[in-house]
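Worksheet: one structure, shown below.
Atoms within a ligand are numbered from 1 in the order they appear, just like the ligands themselves. We number each residue from 1, following the sequence as shown.
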Amino acid sequence: MNRAGIVILISGRGSNMQAILEAARAGDFPAEIRAVISNAPEAAGLERARAADVATEVVNHRDYRNRTEFDRALMEKIDARTPDLVALAGFMRILGPEFIDHYAGRLINIHPSLLPKFPGLDTHERALASGAKVHGASVHFVTREVDSGPIIIQAAVPVLAHDTPETLAARVLEEEHRIYPQAIRWFAENRLSIRDGRVLLDGAQRPEQGLVAASR
Ligand code: NHR
Ligand code: GAR
């Protein structure tokens, strides 16, 4: 079987990247990781990728005069790997319209909240401050407007009485590691489509397959 090629973009630790690499290693996974690219030379995920024998690149945003120049350099590095899918995994730079349009329909992100709640940064702090009883993570197609693209899958976790941003983040992260490989599997199996701004799985809206419920 022809496996889909993936390029993963990171900025930091790379635990979601690692979860995807491990899923791909496990066999019968329909995608292969062609490269991991970081905008941050110090990202710990680069070391983890190397340890797994995956090609790595750095496109340091500080080396470019503006966002457009950075985005173009990044596009060049990505396209050299001819991926079917580009996956943001803890990638921390907002991408401009030229980049977004170039990868339309083949660019996805994992975001640590139940979108459309808490787009942007510091999601766990904000979820706690809001008094929310559930929180979670979302995998979505990336569009020009940040954290607003069509949602592929979400996982919910309970917010517990003594949670801190750190304990809540850890509970969410476990779910991220489950749903990101799942979303990539669906994409690689060509089972996802977008109609009226919504993601369909096998041509239908299937909440029971698109949501992993709160556990514990
Ligand atoms: N780009 C577009 N156009 N659309 C999206 O949906 C994107 C995107 C780039 C990244 C990930 C996103 C997240 O999951 C993502 C989605 C960084 C910021 C941010 O404010 C916001 C959202 C996300 C990632 N970044 C600052 C910036 O000026 C830098 C912050 C930093 O370096 O710490 O780019 O949350
Ligand atoms: C993850 O929780 C991811 O959802 C979040 O950062 C963490 C990265 O962890 N992403 C963002 O906040 C994007 N702005 P990881 O590097 O270990 O995968």
Side-chain angles (χ1 to χ4, degrees), residues 6-23 33 36-49 52 54 56 59-62 64 66-72 74-75 78 86-127 135-157 165-184 194 197 199 212:
I6 304 182
V7 167
I8 301 178
L9 304 188
I10 64 168
S11 297
R13 177 179 58 186
S15 74
N16 277 292
M17 172 207 78
Q18 186 92 44
I20 298 163
L21 292 180
E22 277 166 24
I33 315 315
V36 169
I37 307 179
S38 175
N39 67 295
E42 72 283 2
L46 288 170
E47 203 43 59
R48 301 172 90 160
V54 172
T56 61
V59 181
N60 187 341
H61 62 276
R62 293 190 181 83
Y64 298 87
N66 53 51
R67 285 182 185 259
T68 308
E69 302 277 311
F70 166 71
D71 285 2
R72 286 182 182 155
L74 191 54
M75 286 166 65
I78 295 169
V86 179
L88 309 182
F91 184 72
M92 296 308 290
R93 302 297 297 175
I94 291 176
L95 298 158
E98 193 183 329
F99 186 100
I100 300 297
D101 293 353
H102 182 67
Y103 297 105
R106 52 191 182 112
L107 177 62
I108 64 176
N109 175 47
I110 186 150
H111 179 77
S113 80
L114 291 173
L115 291 170
K117 285 201 270 185
F118 313 119
L121 306 178
D122 303 321
T123 57
H124 308 299
E125 284 86 341
R126 288 155 62 207
H135 183 44
S138 309
V139 180
H140 64 93
F141 282 101
V142 175
T143 56
R144 287 182 179 208
E145 201 185 334
V146 175
D147 295 333
S148 303
I151 294 168
I152 300 167
I153 185 171
Q154 296 185 308
V157 303
E166 291 72 29
T167 60
L168 182 55
R171 193 174 310 117
V172 170
L173 192 64
E174 269 189 57
E175 298 303 318
E176 294 186 37
H177 297 164
R178 254 152 35 91
I179 64 175
Y180 213 0
Q182 175 64 260
I184 289 171
I194 302 173
V199 174
V212 180

Near ligand 2, at a heavy-atom separation below 4.0 Å: residues by chain and residue number: Arg13, Gly14, Ser15, Asn16, Gly90, Phe91, Met92, Ile110, Pro112, Leu121, Leu173, Glu176

Any chance the side chains of Ser15 and His177 put a donor and an acceptor closer than 3.5 Å? yes

Tell me, do [X] and [Y] make a side-chain contact under 4.5 Å, heavy atoms counted?
{"X": "Ile20", "Y": "Ile33", "value": "yes"}
{"X": "Leu9", "Y": "Ile78", "value": "yes"}
{"X": "Ile152", "Y": "Phe141", "value": "yes"}

Output yes when a side-chain donor or acceptor of Arg126 lies under 3.5 Å from a complementary backbone atom of Leu121, and no otherwise. yes

Heavy-atom pair of closest approach, residues Arg67 and Ile94: NH1-O, 3.4 Å

Where Ala89 and Ile110 come nearest, the two heavy atoms and their spacing: CA-CG2, 4.4 Å

Could you pull out all donor-acceptor pairs under 3.5 Å where a side-chain atom in residues 41-49 meets a protein atom, sequence neighbours excluded?
residue: Glu47; atom: OE1; partner: Arg50; partner atom: NH1; Å: 2.8
residue: Arg48; atom: NE; partner: Gln18; partner atom: OE1; Å: 2.9
residue: Arg48; atom: NH1; partner: Arg13; partner atom: O; Å: 3.1

Enumerate the residue pairs fulfilling ring pair (Phe, Tyr, Trp, His ring centres under 6.0 Å) with a member in residues 102-122, sequence neighbours excluded, ordered by first and then second residue. Phe99-Tyr103

For ligand 1, give me the residues whose heavy-atom distance to it is below 4.0 Å, by chain and number please. Arg67, Leu88, Phe91, Met92, Arg93, Ile94, Leu95, Ile100, Asn109, Ile110, His111, Gly120, Leu121, His140, Val142, Thr143, Arg144, Glu145, Val146, Asp147

